[in-house]
Amino acid sequence: MTASAPGGTPATATETATYDRIGIGYRHVRRPDPRLAALIHQALAGARTVVNVGAGTGSYEPAGAEVTAVDPSRVMLEQHPGRRKVLAGAEELPFEDGAFDAAMAVMTVHHWPDLHRGLGELRRVSRRQVVFTWDPGHLPGLWLVEEYLPEIRQLEHARFTPLSTVVEALGAHTVVPFAVPHDFTDGFQIAYWRRPESYLDPVIRQASSTFAQLPPSVLEPAIARLRADLASGAWRRRHADLLDQESVDYGYRLLIAGDGESGTA
């Protein structure tokens, strides 16, 4: 593993500390989903060298490419199976201009203290950029937030930049919607929209940075209400329509910039 230069902003330290705390056992809950993997791999097709910024444990990296993993958390990188690993933040990538065919960033740009600088670095070091993120302005929202934990809305809107801003800063020519399947295997917050009992499991919650940042005084009463509503059948009565849906568009988008054909899917 290659270490980055010391320093960084307080926000970087905060995010790194969060992932150092939740990173142990992360891979067991955050298992790459093959449907999202297929979408990302299609966007990366033909790239021989790829830098994965905010790589974590290496989810969604294309098997046929030479991948360099970059992450500010040593705990996360230690779980990464690759050989090329660099401890660094997105805002200061220690690579030459155009060093990679493509750069990828999956559910990470909302953690970057300086979004524009980080996206600029992606564009500097690669000829194609593939970013998977979430649009905070999208409706409908997850029932867990609306009914049990409205505090998450404030937290997420403080972290996530409007999609239009990310598209513009990245210079994305293609925006691909991704509807989340009901059996999505990558256990980030939205994954269990049709499996509400999963939110009762502290191991599952621990693998989400959002839950990890909520104080027990907020989280525990909300989970207790959910547990009671599941036991009484109240949740299923309110959300009977969800139980028949195979997938829901909750605002997740794949952005593609740089070389390749333009268009919006």
Side-chain angles (χ1 to χ4, degrees), residues 1-8 12-13 15-34 36-115 117-133 170 185-186 188 207 209 254-260:
M1 183 187 300
T2 303
S4 66
T12 299
E15 295 289 358
T16 302
T18 297
Y19 274 90
D20 283 348
R21 177 161 47 90
I22 73 174
I24 300 172
Y26 186 89
R27 293 181 66 185
H28 298 297
V29 177
R30 299 296 295 271
R31 294 176 291 115
D33 186 90
L36 178 55
L39 188 67
I40 293 172
H41 294 171
Q42 181 180 8
L44 291 168
R48 293 173 298 174
T49 56
V50 176
V51 58
N52 185 8
V53 180
T57 60
S59 296
Y60 304 109
E61 294 176 352
E66 178 183 292
V67 178
T68 299
V70 176
D71 201 281
S73 168
R74 185 177 296 274
V75 171
M76 299 300 289
L77 277 183
E78 286 176 349
Q79 297 181 75
H80 192 288
R83 293 185 296 107
R84 300 175 181 86
K85 298 186 281 190
V86 177
L87 192 68
E91 294 83 1
E92 294 185 24
L93 298 177
F95 309 114
E96 295 180 357
D97 295 359
F100 301 94
D101 293 333
M104 61 184 290
V106 178
M107 288 302 292
T108 181
V109 299
H110 57 289
H111 293 303
W112 299 355
D114 190 331
L115 174 73
R117 186 174 174 183
L119 293 177
E121 282 288 89
L122 292 191
R123 300 178 72 175
R124 181 183 66 79
V125 303
S126 67
R127 289 177 287 281
R128 188 190 321 166
Q129 300 81 42
V130 176
V131 172
F132 184 68
T133 188
L170 186 64
T185 63
D186 193 344
F188 54 83
S209 63
L254 186 71
L255 313 182
I256 306 172
D259 64 17

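Quick caveat, the model's predicted, so the values are computed rather than measured.
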- Could you check if a side-chain atom of D71 sits within less than 4.5 angstrom of a side-chain atom of H80, using non-hydrogen atoms only? no
- Task: Could you tell me which non-hydrogen atom of L122 sits nearest to which non-hydrogen atom of V131, and how far apart they are?
- Result: CD1-CG2, 3.9 Å
- Note on the structure: Heavy atoms of E91 and P113 approach each other most closely as OE2-CD, 3.0 Å
- Query: Is T185 reaching over with its side chain to a backbone N or O of P32, donor-acceptor style, under 3.5 angstrom?
  - Reply: yes
- Donor-acceptor under 3.5 Å (R128 side chain, A45 main chain): yes
- For E61 and A69, work out which heavy atoms get closest and say how close. OE2-CB, 4.1 Å
- Run the numbers on F132 and V109 for side chain to side chain contact (heavy atoms under 4.5 Å, CB included), then give the verdict. CA-CA 9 Å; F132 184 68; V109 299; over 6 Å; no
- Nearest-0.5 Å distance, CZ of residue R124 to CD of residue E96: 9.0 Å
- Query: If you take all heavy atoms of T108 and V53, which pair is closest and at what distance?
  - Reply: CG2-O, 3.4 Å
- With a cut-off of 6.0 Å (strictly less than), are more than 12 heavy atoms of other residues, nucleotides or ligands near CZ of R48? no
- Query: What's the spacing between L170 CG and L115 CG if we round to 0.5 Å?
  - Reply: 9.0 Å
- Task: Dump the intermediate steps for side chain to side chain contact (heavy atoms under 4.5 Å, CB included) on L119 and W112, then the final yes or no.
- Result: CA-CA 9 Å; L119 293 177; W112 299 355; 3.9 Å; yes
- Note on the structure: Rounding to 0.5 Å, atoms CD (Q129) and CG (L44) come to a distance of 10.5 Å
- Ionic contact status for E92 with R117, cut-off 4.0 Å: yes
- Message: Show the nearest heavy-atom pair for residues H111 and S209, with the distance to one decimal.
- Response: CE1-OG, 3.4 Å
- Query: In Å and rounded to the nearest 0.5 Å, what is the NE2 to CG distance from H41 to L39?
  - Reply: 10.0 Å
- Task: Look only at the side chain of Y60 and the backbone of A105, and say whether a donor-acceptor pair between them is shorter than 3.5 Å.
- Result: no
- Message: Just verifying a value: how many Å separate L254 CG and L36 CG, rounded to the nearest 0.5 Å?
- Response: 7.5 Å
- Heavy-atom side-chain contact between V50 and P62 under 4.5 Å: yes
- List the steps, then state whether side chain to side chain contact (heavy atoms under 4.5 Å, CB included) holds for M76 with T57. CA-CA 6 Å; M76 299 300 289; T57 60; 4.1 Å; yes
- Query: Say you draw a straight line from CG of D186 to CZ of R31; how long is it, rounded to the nearest 0.5 Å?
  - Reply: 9.0 Å
- Item | Heavy-atom closest pair, residues N52 and A55 | O-CB, 3.3 Å
